[in-house]
Amino acid sequence: MAEAQLTAGGERLRYVVYDGPWERDAVLDYVARYEGPEDAEFPGCVPIPMTAEQFEEYDGGLEYWSRELGMAWVARDGGPDHENPGGHLPALLTRVALERGSPIRCWGGLRMVVVDRDGRASEAMHPDQSVYLRPSSWAPSGRQTVIGSDRPPDVVLEVDHTTDVRRKKLGIYQRWGVPEVWVETPDAPSPSRPRGVVPGLSIYVLEDSSYGIAPVSAALPTWQAFEIHAALNEPTASPETIEDLVRVGRALGDEEGTGPMDDVQIAGYMRRAHGVGQRTGFARGREQGRAAGLAFAAVEVLRLRGITLSDDTQQRLAATTLTQEALLTAAMRCSTEADFRVRLALDD
C-alpha cells in the first residue's frame, strides 16, 4: 500500500493506492464508499487508481481508463434504468436484421483500447453497447477492439442516466474515429442526473473528423432520433416501433439487395404459412379455397413480421384474384398496412 494524491473537481484528494488486482466487487465497494468531489470531465463517475497491470486483469466496465494518469473512472449510479437501453437495443436490431435478411451483432460493453508500439494499452473506454451491422465482413475477434488497427463499431450507444459523455467521452470517440455515437438519456428520472442532461436521444455522426448532431441515423437509414428514444424506453415494442423497424430493415435490404426471404428463420415461416394456407384452402373448396388459402398465407406472413391488418383489408384480400407471387411479394416487402394495400391496389 502507498499514499498518493489525485486532482479531481479542482481539489487535491489523498487516497491509498491498492496494489493488488482489482476485482469487480472491490471496485463497486470503492465506488460506494467514495466521498470525494465530482470530476468535472466525468460527471457522475468515481476516479479509481488503476495501474496498467490492474487494468489488464480487471473484467468489469469502466467509463474511461488512462495509463498515463494511472486512473480509471467508474459510473457511481448504475442500476436497471442505466442498463435497460443497452440491453434492449439488440432485441430491436434483431427485428431489423430479420427484415434485411442478414445478421446484426451487438457486443455489449466491448472494451475499446488504444495501444502503444509495444502493444500495451494506453487508454480505454467501455461503451454501453457496440453495434456491428455486417459481422460477416468484420467483427471483434476477442474481448476488445484496438483503435487504429481494428474496425470500430458502426454505432456506439452511451447511456447518460447519471453521467454526461459530452464533457469528455464524446471528444475521445471523435479522436478515435467512431463513425456514429448515440447518446441516450432514459425517460426514467434520477436525482443524480447532471444539469442540462434531459430525456431524449442525440445522434452524433462523424463528418470531416468532427461530430455533427443529426436527426436521422446514417448507419440505420430512416431511423430518427425520437423514434429510437421511444423504442428504447418502451417495455414492449409498440405497433409504431414495429413499423419503424420494418422500414429501417427494408431500407438496409434495398441497399444490399436482400430481404426477409434471405433469413433462414423468416423463409421457413413463410414456407410454412404458405403450406398451411394451401391446405386450408383445399379443405374449403377448390377455387374459393385457393383465394382464401393465399389470403391466409399473406396475413400470416404479415403477422410474423409484426404488421397487422384491419378487417376491411382482410375482406378485400379474401376476394382478390391476385397471384400467389404478387400476394407474398407484397407481404414480404411492405412496411405498413397502407403500403401493403398500395402494392396490391386494394383501394382501386
Check your understanding: Side chains of Q224 and D244: donor-acceptor distance under 3.5 Å anywhere?
Key -> no
Point to revise | All side-chain contact (heavy atoms from CB on, under 4.5 Å) counterparts of E325, not counting sequence neighbours | key: T323, T329
Review point. Looking just at side-chain N and O atoms, do E63 and H126 make a donor-acceptor pair shorter than 3.5 Å?
Key: no
Review point. In terms of heavy-atom contacts, does CZ of R67 have more than 12 from other residues, nucleotides or ligands at under 6.0 Å?
Key: yes
Review point. What are the two closest heavy atoms between E99 and M332, and how far apart are they?
Key: OE2-O, 3.5 Å
Exercise for review: Indicate if L327 and V246 have the same hydrophobic cluster label, given that clusters are the connected sets of ILVMFWY residues with side-chain heavy-atom separations under 4.5 angstrom.
Suggested key: yes
Check your understanding: With the 4.5 Å side-chain cut-off for hydrophobic clustering, are L245 and L98 part of the same group?
Key -> no
Check your understanding: Between E243 and S335, does a side-chain hydrogen bond (donor to acceptor under 3.5 Å, both in side chains) hold up when you go through it step by step?
Key -> CA-CA 6 Å; E243 289 187 6; S335 57; over 6 Å; no
Exercise for review: Heavy atoms only: give me the nearest L344-A326 pair and the separation to one decimal.
Suggested key: CD2-O, 3.6 Å
Practice item. Test E184 against E158 for side chain to side chain contact (heavy atoms under 4.5 Å, CB included), laying out the working first. Key: CA-CA 6 Å; E184 162 67 15; E158 286 285 353; over 6 Å; no
Check your understanding: Should side-chain heavy atoms under 4.5 Å link Ile, Leu, Val, Met, Phe, Trp and Tyr, which residues sit in the same cluster as W107?
Key -> L110, Y132, W138
Check your understanding: Between the main-chain N or O of C106 and the side-chain N or O of S130, is there a donor-acceptor pair closer than 3.5 Å?
Key -> no
**Study point:** Shared hydrophobic cluster for V131 and V181 (ILVMFWY, side-chain gaps under 4.5 Å)
**Key:** no
Point to revise | Audit row: T145, D150, side-chain hydrogen bond (donor to acceptor under 3.5 Å, both in side chains) steps and yes/no | key: CA-CA 6 Å; T145 285; D150 293 338; 4.9 Å; no
Review point. Between the main-chain N or O of T308 and the side-chain N or O of R303, is there a donor-acceptor pair closer than 3.5 Å?
Key: no
Check your understanding: Between D128 and H82, does any side-chain donor sit less than 3.5 Å from a side-chain acceptor?
Key -> yes
Check your understanding: So how far is it from D77 CG to S192 OG, rounded to the nearest 0.5 Å?
Key -> 4.0 Å
Review point. Is the number of heavy atoms from other residues, nucleotides or ligands under 6.0 Å of R333 CZ greater than 12?
Key: no
Exercise for review: Mind checking side-chain hydrogen bond (donor to acceptor under 3.5 Å, both in side chains) for T313 and listing every partner two or more places apart, or none if nothing turns up?
Suggested key: S310, E337, R341
Exercise for review: Sequence neighbours left out, what passes ring-ring contact (aromatic ring centres under 6.0 Å, His included) with F42? Give chain and number order.
Suggested key: Y64, W73
Practice item. Kindly say whether D118 contributes a backbone atom to a donor-acceptor pair with the side chain of D116 at under 3.5 angstrom? Key: yes
Study note, to complete from the structure: Tightest non-hydrogen contact, residues R24 and D59, listed as NH2-O, 2.7 Å
Review point. Is it true that a side-chain atom of R343 and a backbone atom of A338 form a donor plus acceptor pair closer than 3.5 Å?
Key: no
**Study point:** Within residues 203-221 or reaching into it, pairs that qualify as side-chain hydrogen bond (donor to acceptor under 3.5 Å, both in side chains) - sequence neighbours excluded
**Key:** E180-S217
**Study point:** Shortest non-hydrogen contact from L302 toward C334
**Key:** CD2-SG, 3.4 Å
Point to revise | Closest non-hydrogen atom pair, E38 against P43 | key: OE2-CB, 3.4 Å
Practice item. Tell me whether I172 is reachable from V159 by hopping between hydrophobic residues (I, L, V, M, F, W, Y) whose side-chain heavy atoms are closer than 4.5 Å. Key: no
Point to revise | Exercise: do D160 and T163 side chains pair donor with acceptor under 3.5 Å | key: yes
Check your understanding: Do V183 and M125 sit in the same hydrophobic cluster, where Ile, Leu, Val, Met, Phe, Trp and Tyr count as joined when their side-chain heavy atoms come under 4.5 Å apart?
Key -> yes
Exercise for review: Check ring-ring contact (aromatic ring centres under 6.0 Å, His included) between F55 and all other residues, then give those that pass, not counting sequence neighbours.
Suggested key: W65
**Study point:** Minimum heavy-atom distance P260-R250, with the two atoms named
**Key:** CD-NH1, 3.3 Å
Practice item. Using modelled atom types only, decide if a donor and an acceptor are shared between the side chain of Q54 and the backbone of T51 within a distance under 3.5 Å. Key: yes
Practice item. Return the orientation label for the Y173 and W176 ring planes: parallel under 30°, perpendicular over 60°, tilted otherwise. Key: perpendicular
Check your understanding: How far apart are the C-alpha atoms of V46 and V27, what are their side-chain angles, what is the distance that settles it, and do they pass the side chain to side chain contact (heavy atoms under 4.5 Å, CB included) test?
Key -> CA-CA 10 Å; V46 171; V27 166; over 6 Å; no
